[in-house]
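None of the values given here were measured: they were computed from a predicted structure.
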Amino acid sequence: MYTIQGKGVSGGVANGPLCFYRRGDHDIAKHEIADTEAEKQRFESARQTAMEQLKALYEKAVAEVGEEGAELFEAHQMMLDDLDYVEGIQDLIDGEQVNAEYAVSQVAEQFAQMFASMDDSYMQARAADVKDISNRVIGILSGAVAGGIDSDVQVILAADDLAPSETVQLDKSKILGFITQGGSGNSHTAILARTMGIPAVIGTGDALREDYEGKTAWIDGETGELFVEADEITHERLSKKHAKQRAMKELMDQLKGKENVTIDGRKVMVYCNIGSPDDVDQVLANDGGGIGLFRSEFLYLQNNDYPTEEQQFQAYKTVAERMGGKRVIIRTLDIGADKQADYFQLAHEENPAMGLRAIRICLTRPEVFKTQLRALYRASAYGKIAIMFPMITSEWEVLEIKRICEGVKAELRKEEQPFDENIELGIMVETPAAVMMSDRLAKLVDFFSVGTNDLTQYTLATDRQGGNLDRFFDAHHPAVLRMIKMAADNAHKAGIWIGICGELGADISMTETFMALGVDELSVSPSAVLPLRSTIRSINTAENREKILEDLLK
Ligand code: PEP
Ligand code: MG
């Protein structure tokens with residue numbers, strides 16, 4: 001048995017084979033090939049496999065975001081069938097007697113350069129598409145796997161770390177748990193694991209070795225341990241823990257349908273954080289009262305080009321309809337920093353967390369912003385949508401956002417498109433500036449939602465992506481809690497509600513403090529809803545309120 005110690009960031013235990021994430025960045029070195037006919041055949045069969053994958057993706061996208069949103073995958077199939085492209089690769093294999101991977105990468109580069117040099121911006125954008133289809137073919141040729149998981153059974157997925165764009169494309173039905181060498185508690189792998197309600201361990205370092213591939217392991221997301229080929233005693237112990245976990249879940253299930261109310265009658269809204277329309281299943285299964293944060297980045301991260309208005313509209317409409325009139329707070333795109341999409345072509349930044357991200361991109365590229373806003377307003381006709389803006393620091397930003405929103409509304413009225421005239425607009429309070437200006441900002445919006453992940457990062461000047469900063473990244477720090485208090489007091493003075501949608505919201509050791517601070521809503525991973533409900537129902541807010549506030553301010 002090998003025991004690997006990391007940090008548990010999503011609780012629970014699971015047992016299954018370890019499988020390492022297959023990435024598409026493979027060796028495309030040039031090799032000389034003697035049998036070029038066989039090599040061309042190898043290319044042809046990879047091309048056919050890619051075609052089948054694209055057909056399947058097209059059908060999945062039609063079901064999720066409608067015909068128009070799926071068009072990209074159809075266009076990719078046509079590109080992959082393009083005679084110039086296919087013959088270019090075959091000729092290179094023949095003429096230079098080179099391996100297929102190399103030939104595909106060379107022809108992809110030539111085509112991409114040709115597209116990029118065209119005047120028409122639509123054609124320029126095709127450069128990314130040709131690279132994308134070529135990477136797919138190269139991936140197949142070199143044994144990489146679509147969705148990153150090469151297994152027919154459910155696995156514990158191991159990786160060095162996973163980028164946001166990688167997590168959105170994972171085949172989630174195959175994952176029992178996550179284990180990564182790097183990462184942080186706020187990384188997207190951790191957030192995804194909590195959404196799915198499965199264990200995750202991060203920060204194992206080199207102890208997690210690729211030669212454990214395929215070996216059976218137990219993962220414990222509470223203690224941060226991974227046991228490869230567990231001995232009998234460990235197997236027995238964790239099997240018992242697993243059974244207890246199931247029993248606990250059954251107990252929690254009894255809270256479904258009950259109110260989130262304290263002993264002394266204070267009601268709290270418990271909503272969910274989601275990252276894609278698929279996550280609504282988990283929200284409904286865990287009896288979430290609404291959606292407090294829909295990270296809309298998923299649409300941008302899984303695409304190779306800006307998602308169209310229609311594609312976005314379909315996704316937002318689906319979520320609004322499925323939530324059946326419950327509040328769905330959709331956050332406008334938060335691209336930048338660690339969430340990169342190549343086609344945005346953002347310049348390299350020395351300090352991306354403080355760079356052009358989130359609302360700053362939207363206000364710099366109003367056309368991208370307006371497309372998303374149009375989709376959001378149109379979807380508001382199908383449910384109770386609210387819109388939230390990330391990374392706000394100043395009043396002028398909110399005033400400009402509201403002006404753009406009014407423009408979008410006027411356009412839609414003119415086109416006679418239905419939308420909710422009274423849609424609520426809120427902001428994330430996730431910068432110290434937003435807290436310090438919260439008295440004035442509260443007068444401009446309908447609600448606040450505190451993003452404790454970024455608020456901790458910016459208040460404590462500590463990178464949320466981890467490194468060796470765990471000791472310093474302390475979301476319980478009084479500086480952070482005092483900020484929440486200030487924002488809550490100012491929200492209430494202006495008559496608006498305030499929630500928390502950062503990861504701290506699910507920390508049940510803090511629930512009583514949040515009640516004392518007057519927080520009205522907590523938005524958490526779906527799997528945290530029922531444990532949080534149980535905690536809220538055990539609190540008497542009057543009991544410790546004075547003491548909690550005194551301790552915080554002394
Ligand atoms: C936050 O910063 O706390 C937050 C909820 O937003 P994200 O984690 O997406 O930056
Ligand atoms: Mg944030």
In terms of side-chain geometry, is the basic nitrogen of [X] or [Y] positioned less than 4.0 Å from the acidic oxygen of its partner?
| X | Y | result |
| --- | --- | --- |
| E395 | K443 | no |
| K370 | E411 | yes |
| E259 | R537 | no |
| K172 | D278 | no |
| R295 | D334 | no |
| K258 | D287 | no |
| K409 | D420 | no |
| E297 | R331 | yes |

Is it true that a side-chain atom of [X] and a backbone atom of [Y] form a donor plus acceptor pair closer than 3.5 Å?
| X | Y | result |
| --- | --- | --- |
| R266 | V261 | no |
| T431 | A434 | yes |
| S10 | I198 | yes |
| S527 | T195 | no |
| S538 | T535 | yes |
| Q181 | L208 | yes |
| E309 | T371 | no |
| N286 | G288 | no |
| Q154 | S173 | yes |
| N15 | A217 | yes |

May I ask you to check whether over 12 heavy atoms, not counting those of [X], lie within 6.0 Å of atom [atom1]?
| X | atom1 | result |
| --- | --- | --- |
| D281 | CG | yes |
| R413 | CZ | yes |
| K256 | NZ | yes |
| M252 | CE | yes |
| N351 | CG | yes |
| E421 | CD | yes |

- [ ] Return each pair, listed once, that meets side chain to side chain donor-acceptor pair (under 3.5 Å) where at least one residue sits in residues 379-392; pairs must be two or more places apart or across chains.
- [x] none
Task: Cation-pi geometry met for R378 and F419 (6.0 Å, 45°) - done: no
Would you call [X] and [Y] a side-chain contact if the rule is heavy atoms closer than 4.5 Å?
| X | Y | answer |
| --- | --- | --- |
| L170 | F178 | yes |
| V280 | I274 | yes |
| K547 | L552 | no |

Atom of [X], atom of [Y] and distance for their closest heavy-atom approach:
| X | Y | answer |
| --- | --- | --- |
| L363 | P366 | O-CD, 4.0 Å |
| N490 | A442 | O-CB, 3.7 Å |
| D338 | Q465 | OD2-NE2, 3.2 Å |
| L530 | L255 | O-CD1, 3.7 Å |
| D474 | V480 | O-CG2, 4.2 Å |

Task: Chi angles and distances behind the side chain to side chain contact (heavy atoms under 4.5 Å, CB included) call for K402, L425 - done: CA-CA 9 Å; K402 288 175 87 170; L425 301 181; 4.2 Å; yes
Could you give the distance from [atom1] ([X]) to [atom2] ([Y]), rounded to the nearest 0.5 Å?
| X | Y | atom1 | atom2 | result |
| --- | --- | --- | --- | --- |
| I536 | L532 | CD1 | CG | 4.0 Å |
| T3 | Q5 | OG1 | CD | 9.0 Å |
| M388 | L376 | CE | CG | 12.0 Å |
| K339 | F298 | NZ | CZ | 13.5 Å |
| K317 | Q314 | NZ | CD | 5.5 Å |

Open item on the list: Using the rule given for side chain to side chain contact (heavy atoms under 4.5 Å, CB included), can you reason through S296 versus Q372, listing the C-alpha separation, both sets of side-chain angles and the distance that settles it, and then say yes or no?
Closed with: CA-CA 9 Å; S296 66; Q372 183 169 30; 2.9 Å; yes
Open item on the list: Does E397 form a side chain to side chain donor-acceptor pair (under 3.5 Å) with T393? I'd like the steps, not just the answer.
Closed with: CA-CA 8 Å; E397 293 164 333; T393 57; 3.2 Å; yes
- [ ] Decide yes or no on side chain to side chain donor-acceptor pair (under 3.5 Å) for Y300 and Q312, but give the supporting numbers first.
- [x] CA-CA 10 Å; Y300 296 83; Q312 297 191 59; 3.1 Å; yes
[X] and [Y]: side-chain donor and acceptor closer than 3.5 Å?
| X | Y | result |
| --- | --- | --- |
| Q282 | D279 | no |
| N273 | S525 | no |
| N453 | E430 | no |

Return all side-chain donor-acceptor pairs below 3.5 angstrom for residues 491-504, not counting sequence neighbours, or 'none' if the list is empty.
unit_1, atom_1, unit_2, atom_2, d
H492, ND1, A488, O, 3.3
H492, NE2, G518, O, 3.4
H492, NE2, D520, OD2, 2.7
E503, OE1, R194, NE, 2.6
E503, OE1, R194, NH2, 2.6

TODO: Go through N544 and E512 one step at a time and tell me if the side chain to side chain donor-acceptor pair (under 3.5 Å) criterion holds.
DONE: CA-CA 8 Å; N544 293 317; E512 194 172 8; 2.8 Å; yes
TODO: Let me see the working for I387 and I330 under side chain to side chain contact (heavy atoms under 4.5 Å, CB included), right down to the final yes or no.
DONE: CA-CA 5 Å; I387 309 177; I330 304 180; 5.9 Å; no
- [ ] Could you walk me through whether V268 and M515 pass the side chain to side chain contact (heavy atoms under 4.5 Å, CB included) test, one step at a time?
- [x] CA-CA 8 Å; V268 188; M515 300 293 93; 3.4 Å; yes
TODO: Would you mind listing every ring-ring contact (aromatic ring centres under 6.0 Å, His included) that reaches into residues 456-489, with sequence neighbours excluded?
DONE: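 Found none.
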TODO: Test T308 against E310 for side chain to side chain donor-acceptor pair (under 3.5 Å), laying out the working first.
DONE: CA-CA 5 Å; T308 61; E310 192 59 25; over 6 Å; no
Open item on the list: ring pair (Phe, Tyr, Trp, His ring centres under 6.0 Å), that's the test. Do F344 and Y306 meet it? Break it down for me.
Closed with: CA-CA 8 Å; F344 274 79; Y306 293 102; 4.9 Å; yes
